[in-house]
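Remarks on the structure that follows.
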Amino acid sequence: MKYSYFPGCSLKGLGRAYEESLLPVMKHLGVELVELEDWNCCGATAYMSVDEAKAGVLAARNLAIAEKTGPQDLLTPCSACYLVLNKTKHNIADFPEIKDTVHHALGVANLTYTGATNVRHPLDVLVHDVGLDVIKEKVVRPLKGLKVAPYYGCQLVRPYATFDDAWNPTTMDRLLATLGAEVVHYPLKTKCCGGSLTGTVPEAGLRLTYILLKEAVRRGADVIATICPLCQFNLDAYHDQIDRHWGPTRIATVYFTQLMGLAFGLSPKQLGLKRNFVPMKELPAQSATV
Amino acid sequence: MNTNGTNGNNGNNGDIRIGFYICHCGHNIAALVDCPAVAQYADKLPGVVVSRDYKYMCSDPGQELIQQDIREHKLNRVVVASCSPLLHEHTFRDAVAAGGLNPFFFQMVNIREHDSWVHTDPAEATAKAKSLAHAAIRRVRFHKALEMTRVPIHPDVLVVGGGITGIHAAITLANAGKKVFLVEREPSIGGHMAKFDKTFPTLDCAACILTPKMSAVRSHPNITLWTYSEVVKVEGYVGNYVVTVKRKPRYVNEELCVGCQECIKACIFKEPKFPDEFNVGLSKRKPVYIPFPQAVPQVVVIDPERCIQVKTGKCKKTCLEACADRQAIDFTQKEQRVEIKVGNIIMATGFKLFDAKRIPQYGYGLYPNVVTSLELERLVTSSGPTGGEIILRDGRHPKSVGFILCVGSRDMKTNRWCSRTCCMHSMKLAQLVREHTHADVTVFYLDIRAPGKGCEEFYDKSLKEGIQFVRGRVAEVTDWALAREEEGKLVIRVEDTLAGFVRRIPVDMIVLAVGMEPQADAQEVRRMFNMSCGTEGWFLEKHPKLAPVSTFTDGVFIAGCCQGPKDIPDSIAQAGAAAAEALALIDKGYIEQEPNTAFIVEEDCSGCKSCVPLCPFTAITFDATKQKAQINAALCKGCGTCVAACPSGSIKQNLFDDEEIFSEIEGVLAHA
Amino acid sequence: MRDTHWQPRIVAFFCNWCTYTAADLAGVSRLKYAPNVRVIRLMCSGRVDPQFVLDALARGADGVLIGGCHPGDCHYVDGNYKTLRRFQLLKRLLADMGVEQVRLRLEWISASEGERVKSVINEMVEQVRALGPLNLPGRFADWDREMTELEANIRTGEEQSARKEPEAAHA
Amino acid sequence: MMQIKRTIKYEADRVRGFSKEIMNVSGCEQLQSCIQCGTCSGTCPLSIYMDFSPRQVMALVRADFKNEVLTSKTVWLCASCYACTVECPRKIRITDIMYALKQRAIKEGIYPRRFAIPILAKEFSEMVRREGRITETLLVMRLFLKANWRAALGSWRLGLGLIRTGRFVLWQERIERRAELTAMLDAANRGNVQPKEAP
């Protein structure tokens with residue numbers, strides 16, 4: 001199994017633990033990832049606020065490079081990148097004026113875009129391409145007794161994902177259950193984490209983060225599993241400020257790939273777990289089984 | 001055939017004198033089509049003697065104009081360019097006949113639905129009107145004098161569906177002395193109305209007004225009631241349908257059972273165990289049960305999915321013992337198919353409620369105290385599972401109740417239409433909740449729609465009784481608290497659009513006013529009965545205003561919610577209308593049918609038999625002695641398939657003959 | 001009225017029960033579509049004699065549209081299946097005559113699909129417009145001329161060869 | 001003395017044609033069928049901080065109240081979570097309309113001053129244009145300098161934490177063919193009606 005790979009800026013910066021866990025997990029499952037050469041920032045929500053056409057060009061450059069890389073699907077772990085790349089595909093297909101601008105701009109760099117590449121998220125690929133049965137076989141250290149709140153955030157499931165429901169997605173729930181974890185009923189799974197507002201308007205942004213943390217704790221979760229670098233950062237890095245404002249809500253937030261790595265028996269060091277502000281508690285079963 | 005004076009010269013060989021009329025239809029046509037210009041154009045075409053434009057051709061003076069011209073100008077052909085022939089063809093045919101001409105010497109041109117209403121450029125629309133007029137003027141030359149064929153009508157009527165609509169239609173017909181078959185899928189008649197506690201806006205008891213009608217069905221000598229039965233086949237033709245009804249085995253002889261319910265007591269299931277359909281799963285029943293206390297017929301039914309005897313044949317059959325010498329229980333019963341002959345059919349198959357699980361953010365199925373309006377209806381009813389007590393799943397009484405309206409209505413992601421009854425239904429339930437529990441009641445609405453008689457007054461009453469109304473579509477129902485008063489409650493998050501801010505409102509119970517949908521099998525049913533469905537899946541009426549209970553198939557009528565959402569008074573009004581339409585046909589004794597049948601010109605028939613297998617109505621037979629095909633006009637429905645297929649051109653069709661169509665083709669292409 | 005620039009002309013045969021009613025619905029809904037189609041009402045699409053189609057094209061139509069009920073929905077049980085069969089044959093025949101595929105179109109449009117009447121007509125008008133005039137009458141004239149010339153050639157050839165060698169004369 | 005404020009709107013307050021311009025932006029056509037149900041505001045996690053709720057913004061756009069909309073904080077508080085877009089019963093792409101309004105506000109230079117969000121958007125796009133990639137820590141530092149240097153001081157703990165967990169990146173990530181990217185973005189400029197850079 002082979003995919004092109006678009007890490008996005010976050011995975012080289014604040015979200016590096018995501019890449020540090022994703023790559024060994026994929027390798028462990030025999031999935032080959034080919035990183036796009038000279039990929040650029042997808043533009044995220046910020047660029048789209050400034051200029052729709054240029055935002056389209058920015059994303060389309062990556063899609064064109066992906067087409068050059070090979071016919072395989074393009075994997076992108078960051079929710080914002082996933083949304084922007086998919087949105088660009090839709091916009092080029094639906095709106096002629098955007099299509100014209102993009103083709104014109106790509107022409108300057110001798111790049112071409114045909115729309116052939118599918119943009120996929122690792123969660124989708126792991127559950128639907130690799131398969132839960134294959135993943136189950138690789139589990140050597142089941143996450144028995146670990147109560148996990150599955151947190152999907154906004155931009156993976158809304159509005160372009162076709163692999164799961166926008167309101168009540170279950171793909172990660174099933175994956176976590178396969179790893180042996182106990183999945184906590186967490187109806188806030190697609191609520192917004194505050195996005196960049198945690199930095200720009202903290203009183204608004206951090207309150208959203210707080211509600212997510214508080215409810216995870218109230219529902220008995222030991223850890224929150226996430227699929228997006230910005231969500232992970234918001235839920236992990238602001239505990240100080242949140243605690244000061246609203247009271248203590250200590251709970252660790254990790255990438256689902258980190259939990260997979262642990263279940264596969266990979267070393268926590270290898271999975272970037274030390275990069276958390278709030279460290280994840282030791283696995284209850286960990287000392288017992290090994 | 002009318003043959004008075006020169007007007008009687010109807011043959012092709014005579015002098016063709018055509019009158020052409022173009023209708024302005026107020027501004028409907030004239031706003032885009034230059035009617036005088038079309039009239040001038042037509043005036044110059046061969047055979048046209050009179051050509052006029054007029055404001056409303058279908059009005060009395062318009063029709064009078066035609067008749068006068070027939071007399072004065074000795075017209076023997078008439079063409080009217082106006083609306084769709086499906087709307088007014090018969091009007092103008094009648095006018096032509098009143099002028100003393102055979103009504104089939106008339107041709108209609110559709111320049112409204114097919115021209116002025118669908119185009120934007122006046123020049124192009126006028127050009128199109130001219131070419132369509134030209135075609136009709138060429139075509140009408142070939143028209144022949146014909147007479148409507150009359151088909152006798154079987155006087156019996158089939159009513160499909162035993163809800164309030166079907167019940168009312170059946171009783172109306174039966175009271176008029178007609179024999180009626182009433183077929184209902186469920187084990188009892190009564191439909192949705194039987195589940196209601198009270199009815200808006202009068203708050204009269206639903207059972208009190210429905211039950212007498214249900215009994216009347218049972219006892220009426222003219223009504224044959226078949227419950228637990230379904231129509232599986234419809235054959236025959238207008239006025240003479242042959243319908244096959246499947247009667248599912250209820251393992252109880254309806255003639256012998258007296259409804260004493262001893263068998264239910266005796267059933268080896270000591271306790272009721274299975275969800276009770278009538279109480280929408282809020283209570284339990286046994287495998288042998290009576291749907292509800294007022295069920296008609298008062299006959300028990302045995303659920304084949306649950307009864308051990310039916311499933312395995314290995315039961316002690318304590319029910320049989322209890323029934324004793326009455327011997328009403330009969331495990332040998334098999335499914336029966338009965339064939340009946342009827343002249344008219346009234347469809348009253350009703351609706352289905354929207355499945356609230358399709359909108360997950362309202363938490364139905366997730367939070368136990370989120371209920372549907374029908375579930376609350378059962379809770380409010382004194383004969384319901386709680387004896388009329390409104391309680392939460394844990395037995396507590398709610399202190400606050402929220403009603404969410406438009407669940408599965410006015411929503412492009414589920415159903416686009418307004419279900420029409422939910423505003424009033426919710427207000428009725430809200431008042432009952434206030435009355436029973438004194439709880440705080442808040443109604444979340446998009447727009448209050450209370451246009452019926454007494455309905456706005458009912459809204460006012462709701463306001464005066466202290467029910468809160470918040471205008472806003474609820475975004476979500478959650479169970480997490482952000483404030484002390486929200487602990488342990490369901491929290492509604494909504495923008496109060498009139499106050500202009502977002503609110504969080506904690507309540508104990510949430511009622512979802514679920515909308516109406518077409519029945520799940522509406523498509524199969526409409527195929528079986530040769531009807532159409534609109535885009536949304538409701539049965540399509542022949543005309544939205546002028547023929548609201550008729551369908552495109554003569555003798556098949558629709559009434560009640562199978563045509564679209566409506567309340568009880570409207571359903572009953574339609575039931576009466578459908579019954580009256582059927583009565584009109586029955587008492588007339590015959591249906592007039594377009595004389596568009598096919599016939600064979602024997603001398604041209606080569607006897608190749610290629611037409612014989614084509615006819616779906618077996619109207620074509622082969623006469624072995626003459627070596628010619630024959631068409632039985634009574635069986636022919638006028639589709640013209642055989643006409644198109646005959647290699648020797650020896651089959652002709654009245655109203656749609658080759659020369660008529662060819663002249664029309666020539667005509668539409670004669671003008672740019 | 002005739003414009004200097006060419007406008008496609010399409011003759012449509014609509015069945016009374018589904019497609020004609022759908023076209024009425026399009027009108028009642030005030031949907032707007034191209035004015036290039038002239039509808040001829042028949043009781044069933046099964047009445048469409050292949051000759052109607054050929055006649056329309058021969059008289060200068062640039063395309064023919066046939067509209068009937070969806071399979072299974074025919075008011076006359078299965079008339080539309082017969083239409084479908086004839087349509088397939090006609091398509092082949094027209095292809096042999098050099099008439100482009102999109103000029104003959106068969107569509108199932110039910111009574112509730114007013115929107116579809118609009119989209120089908122608009123699409124077909126655009127496709128036919130892109131192809132340009134069919135001008136079958138003109139082509140017939142050309143073919144006639146060719147045939148006359150051919151005949152003339154044969155005749156002169158026969159005359160010449162009759163004078164020379166009788167067996168080498170066939171065209 | 002009690003302060004009072006007149007809120008009446010006159011016809012002259014409307015900018016005729018504004019609603020048409022917004023509805024002409026790709027994906028924004030459906031605004032016409034808004035029934036003002038408030039699902040967008042109810043679903044929005046940030047509507048509680050907005051001066052106009054998303055529903056009100058829809059109404060204001062449709063009624064041509066351009067100045068009111070473009071100077072409001074609402075569009076800038078949108079976190080692009082797309083909940084409103086997914087939930088709208090009229091299938092209006094509210095998030096995309098918010099983007100259209102943000103672009104318009106930047107183009108006309110009338111967004112709220114010293115408000116961190118539009119500044120972030122601008123700093124972000126400038127860094128992408130220059131380097132091809134974003135280095136988050138550097139971006140945030142630039143933002144703090146421009147918008148609110150006091151907040152930067154308040155976040156020292158966060159910065160220390162990032163250094164401790166090895167996530168504080170001080171070297172700028174950049175792509176190799178930066179000139180190619182700039183040329184492409186410039187081409188987009190010429191190819192389309194483009195906003196002039198905001199002052």
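Chain identifiers are assigned alphabetically (A, B, ...) following the order of the sequence lines, protein sequences preceding nucleic acid strands; residue numbering begins at 1 within each chain.
Contacts between D:Thr95 and chain A at a heavy-atom distance below 4.5 Å are absent for every atom of the residue. For A:Asp38, the parts lying under 4.5 angstrom from a heavy atom of chain D are both the backbone and the side chain. Neither the backbone nor the side chain of A:Asn62 has a heavy atom closer than 4.5 Å to any heavy atom of chain D. Proximity to chain D (any heavy atom under 4.5 Å) is restricted, for A:Ala166, to the side chain, taken from C-beta onward. Neither the backbone nor the side chain of D:Arg178 comes within contact range of chain A, judged by heavy atoms closer than 4.5 Å. In this structure, chain D has no heavy atom under 4.5 Å from any part of A:Asn110. For a residue to count as touching a neighbouring chain, one of its non-hydrogen atoms must lie under 4.5 Å from one of that chain's; by this rule D:Arg93 touches chain A with the side chain only. Contact annotation for A:Leu111: only side-chain heavy atoms (C-beta onward) come within less than 4.5 Å of a heavy atom of chain D. Contact annotation for A:Leu208: only side-chain heavy atoms (C-beta onward) come within less than 4.5 Å of a heavy atom of chain D. Contacts between D:Val140 and chain A at a heavy-atom distance below 4.5 Å are absent for every atom of the residue. When heavy atoms are compared at a cutoff of 4.5 Å, A:Lys87 approaches chain D solely by way of its side chain, counted from C-beta outward. Looking at A:Trp167, only its side chain comes within 4.5 Å of chain D, counting heavy atoms on both sides. Residue contact with chain D, scored on non-hydrogen atoms closer than 4.5 Å, involves the side chain of A:Val201 exclusively. Heavy atoms closer than 4.5 Å to chain A are found in both the backbone and the side chain of D:Glu176.
Of all heavy-atom pairs between D:Ser80 and A:Gln155, the closest is O-NE2, 2.7 Å. Across all non-hydrogen atoms, the minimal contact from A:Ala105 to D:Ala188 is CB-N, 4.3 Å. Nearest heavy-atom pair, A:Val108 versus D:Ala187, reported as atom, atom and distance to 0.1 Å: CG2-CB, 3.5 Å.
Your options are A:Ile211, A:Val57, A:Asn91, A:Leu14, and the one with the most heavy-atom pairs under 4.5 Å with chain D is A:Leu14. The greatest number of non-hydrogen atom pairs below 4.5 Å with chain D, out of A:Ala109, A:Gly205, A:Ser196, is found for A:Ala109. Ranked by heavy-atom pairs under 4.5 Å with chain A, the first of D:Phe124, D:Tyr99, D:Phe168, D:Trp76 is D:Tyr99. Interface summary for chain A: among D:Glu87, D:Met184, D:Glu180, D:Glu131, the most heavy-atom pairs under 4.5 angstrom belong to D:Met184. Most heavy-atom pairs under 4.5 Å with chain D, from the set A:Lys274, A:Glu52, A:Arg16, A:His239: that is A:Glu52. Between chain D and the options A:Gly8, A:Gly194, A:Cys154, A:Ala204, heavy-atom pairs under 4.5 Å are most frequent for A:Ala204. Counting heavy-atom pairs closer than 4.5 Å to chain D, the top-ranked of the candidates A:Gly195, A:Pro159, A:Ala237 is A:Pro159. In terms of heavy-atom pairs under 4.5 angstrom with chain A, the leader among D:Thr85, D:Val25, D:Leu77, D:Ile48 is D:Leu77.
Between D:Arg167 and A:Asp236, at least one side-chain nitrogen of the basic residue sits less than 4.0 Å from a carboxylate oxygen of the acidic one, meeting the salt-bridge criterion. Salt bridge D:Arg177/A:Glu37: present, at least one basic N to carboxylate O contact under 4.0 Å.
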Take D:Leu162 and A:Phe277, measure what side chain to side chain contact (heavy atoms under 4.5 Å, CB included) needs, and give me the verdict at the end.
-> CA-CA 8 Å; D:Leu162 287 175; A:Phe277 276 63; 3.9 Å; yes
Go through the steps to decide whether D:Thr165 and A:Asn276 satisfy the test side chain to side chain contact (heavy atoms under 4.5 Å, CB included), and finish with yes or no.
-> CA-CA 7 Å; D:Thr165 56; A:Asn276 262 33; over 6 Å; no
Just do the side chain to side chain contact (heavy atoms under 4.5 Å, CB included) check on A:Arg158 and D:Cys81 with the steps written out, would you?
-> CA-CA 7 Å; A:Arg158 285 193 301 258; D:Cys81 80; 3.9 Å; yes
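When the shell of 6.0 Å around NE2 of A:His245 is examined, it contains 12 or fewer heavy atoms from other residues, nucleotides or ligands. Other residues, nucleotides and ligands contribute at most 12 non-hydrogen atoms within 6.0 Å of the CE atom of D:Met141. Atom NZ of A:Lys12 has more than 12 heavy atoms from other residues, nucleotides or ligands within 6.0 Å.
Contact check for A:Asp51 versus D:Ser125: no side-chain heavy atoms found under the 4.5 Å cut-off. Residues A:Leu58 and D:Val128 form a side-chain contact, since some pair of their non-hydrogen atoms from C-beta on lies under 4.5 Å apart. At least one side-chain heavy atom of D:Ser26 sits less than 4.5 Å from a side-chain heavy atom of A:Ile98.
Distance check, rounded to the nearest 0.5 Å: CD1 of A:Ile65 to CD1 of D:Ile175 gives 7.5 Å. Taking CG from D:Leu158 and OG1 from A:Thr198, the interatomic distance works out to 9.0 Å, rounded to the nearest 0.5 Å. Note that CZ of D:Arg129 is 6.5 Å distant from OH of A:Tyr47, once rounded to the nearest 0.5 Å. One finds the OG1 atom of A:Thr45 at 7.5 Å from the CG atom of D:Leu120 (value rounded to the nearest 0.5 Å). Separation of atoms OG (A:Ser49) and CG (D:Leu101) is listed at 11.0 Å; rounding is to 0.5 Å. Rounded to the nearest 0.5 Å, atoms SG (A:Cys192) and OH (D:Tyr82) are 12.0 Å apart.
D:Arg133 contributes no side-chain N or O that, together with a main-chain N or O of A:Cys41, makes up a donor-acceptor pair within less than 3.5 Å. Judged by distance alone, with hydrogens and angles left aside, the side-chain atoms of A:Arg61 form no donor-acceptor pair with the main-chain N or O of D:Leu181 at under 3.5 Å.
If you check the side chains of A:Ser10 and D:Glu136, you find a donor sitting under 3.5 Å from an acceptor.
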